[in-house]
Novice: 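Can you read through this structure? Questions will come right after.
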Amino acid sequence: MRVAFVGKGGSGKTTLSALFARQVARSGAPVLAVDGDINQHLSEALDPTAGTLPFAAPPLAAHLGEIKDLLRGTNPRITSREAMVKTTPPGRGSRLLRLLGDDELHTRHVQRVGGVPLMVTGEFDEGDLGVACYHSKLGAVELYLSHLVDGPGEYLVMDMTAGADAFASGLFARFDMTFLVAEPTRKGVSVYRQYRDHAREFGIPLAVVGNKVTGEDDLLFLKEQVGDDLLTHLVLSPWVRSAERGNPQGELEDTNRHALTILRETVDARGKDWPTLHRHAVDFHLRNAHSWANQATGQDLASQVDPEFTPGPPSLT
Ligand SMILES: Nc1ncnc2c1ncn2[C@@H]1O[C@H](COP(=O)(O)OP(=O)(O)OP(=O)(O)O)[C@@H](O)[C@H]1O
Ligand SMILES: [Mg+2]
């Protein structure tokens, strides 16, 4: 199952991604954390004591060409790595990957940090967000997600860039669950409204997680503003504070651990919907092809869509 954490800048996306990934990893379930933010801080959040070696695995974006070659496999509809754009969907012959499998991609790009396998996209700038950018740093992770066959009880946790920027790419449609982290402030909930509207338009599952809640007033405000979309909340955490200073004291508070459990139960309660994920991927690809990619590659990229194919566990063999 793929989980994205989104929200306003500073709301706690990185903190919650790390807390959630650590809690899942400690339970013994397979989990892969992915840093997909403009500025990459997930590694520090996963290991506040800096007890592991500095993150040395290369970012996905640094090996885009090799990643394309690996994933296109023997798919005859993708004639070269140049013809493979970030939205090119898998088809028959494509190489589909298991979460944390022993393929070249996971072997090269994953490093354990604070007990959690981590992969990073590479830092990027605003220009990388738009649909029209051919060399988008997020292209590699988009392709990875469209070629990943993850199962129930396996988790991919992605820390996303702030605001509603993820909607500029098809990335947002590649998750089974999106958690929008919102502080109990007016600005915190305004990003929620933007996201909610996009999410409804595309039928993307979205739930709000309140963060840094300090009392009843905060909670009331969130309930008023967010209504039924408010799934749970974390309180302002002395443990997170102490961890941020590099010296975590004791354990994360019970109430915050409980909130993380609710997130996991929510993810688990959602079945995997391969046809819908794939349909979104194809829709975005066609849109992308039309708006810039056909011109950029000099090919009709609509022909990359394999009408007989939907990714899922059977496509792993
Ligand atoms: N529940 C919490 N209790 C205490 N502090 C918190 C909590 N959640 C986040 N913080 C603190 O708030 C600050 C911002 O958190 P974080 O970096 O996770 O936000 P972000 O949404 O990833 O920000 P950015 O948009 O810059 O990536 C950090 O100093 C973090 O330690
Ligand atoms: Mg962050």
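Order of listing sets the numbers, starting from 1, for every ligand and every atom in it.
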Novice: Hey, is the main chain of Gln249 close enough, under 3.5 Å, to the side chain of Asn247 for a donor-acceptor pair?
Specialist: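 No, because the side chain of Asn247 does not come within donor-acceptor range (under 3.5 Å) of the backbone of Gln249.
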Novice: Do Arg193 and Gln225 meet the criterion of a side-chain donor-acceptor pair at a distance under 3.5 Å?
Specialist: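 There is such a pair (donor and acceptor under 3.5 Å, judged by atom type) between the side chains of Arg193 and Gln225.
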Novice: Compute the ring centroids of His106 and Tyr144, then answer whether they are less than 6.0 Å apart.
Specialist: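 Aromatic pair counts; centres sit under 6.0 Å.
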Novice: Side-chain donor-acceptor pair under 3.5 Å between Asp268 and Tyr155, yes or no?
Specialist: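 Judged by distance alone, the side chains do pair up.
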Novice: What pairs of donor and acceptor atoms, side-chain ones from residues 201-216 against any protein atom, are under 3.5 angstrom apart with sequence neighbours left out?
Specialist:
| from | atom 1 | to | atom 2 | distance (Å) |
| --- | --- | --- | --- | --- |
| Asn211 | ND2 | Ser11 | O | 2.8 |
| Lys212 | NZ | Gly10 | O | 2.8 |
| Thr214 | OG1 | Asp218 | OD2 | 2.7 |

Novice: Is the side chain of Thr14 donor-acceptor paired with the backbone N or O of Leu42 at a distance under 3.5 Å, no angle test?
Specialist: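 Looks like no, no N/O pair under 3.5 Å.
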Novice: Would you please write out the protein residues whose heavy atoms approach any atom of ligand 1 to under 4.0 angstrom, listed by chain and number?
Specialist: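 Near ligand 1, by chain and number: Lys8, Gly9, Gly10, Ser11, Gly12, Lys13, Thr14, Thr15, Asp37, Ala162, Asn211, Lys212, Val235, Leu236, Ser237, Val240, Glu244.
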Novice: Name all residues meeting the side chain to side chain donor-acceptor pair (under 3.5 Å) criterion together with Lys187; count only those two or more places apart in sequence or in a different chain, and write none if there are none.
Specialist: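 In terms of side chain to side chain donor-acceptor pair (under 3.5 Å), with neighbours along the sequence ignored, Lys187 is linked to no residue.
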Novice: Would you kindly say whether Ser27 and Arg264 are connected by a side-chain donor-acceptor distance under 3.5 Å?
Specialist: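 Their side chains do contain a donor-acceptor pair, which is all the 3.5 Å distance test asks for.
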Novice: So which protein N/O/S atoms does the Mg ion (ligand 2) have within less than 2.8 Å?
Specialist: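 Result, waters dropped: Thr14 OG1.
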Novice: Would you say CD of Glu66 has more than 12 non-hydrogen atoms from neighbouring residues, nucleotides or ligands within 6.0 angstrom?
Specialist: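 Result for CD/Glu66: enclosed.
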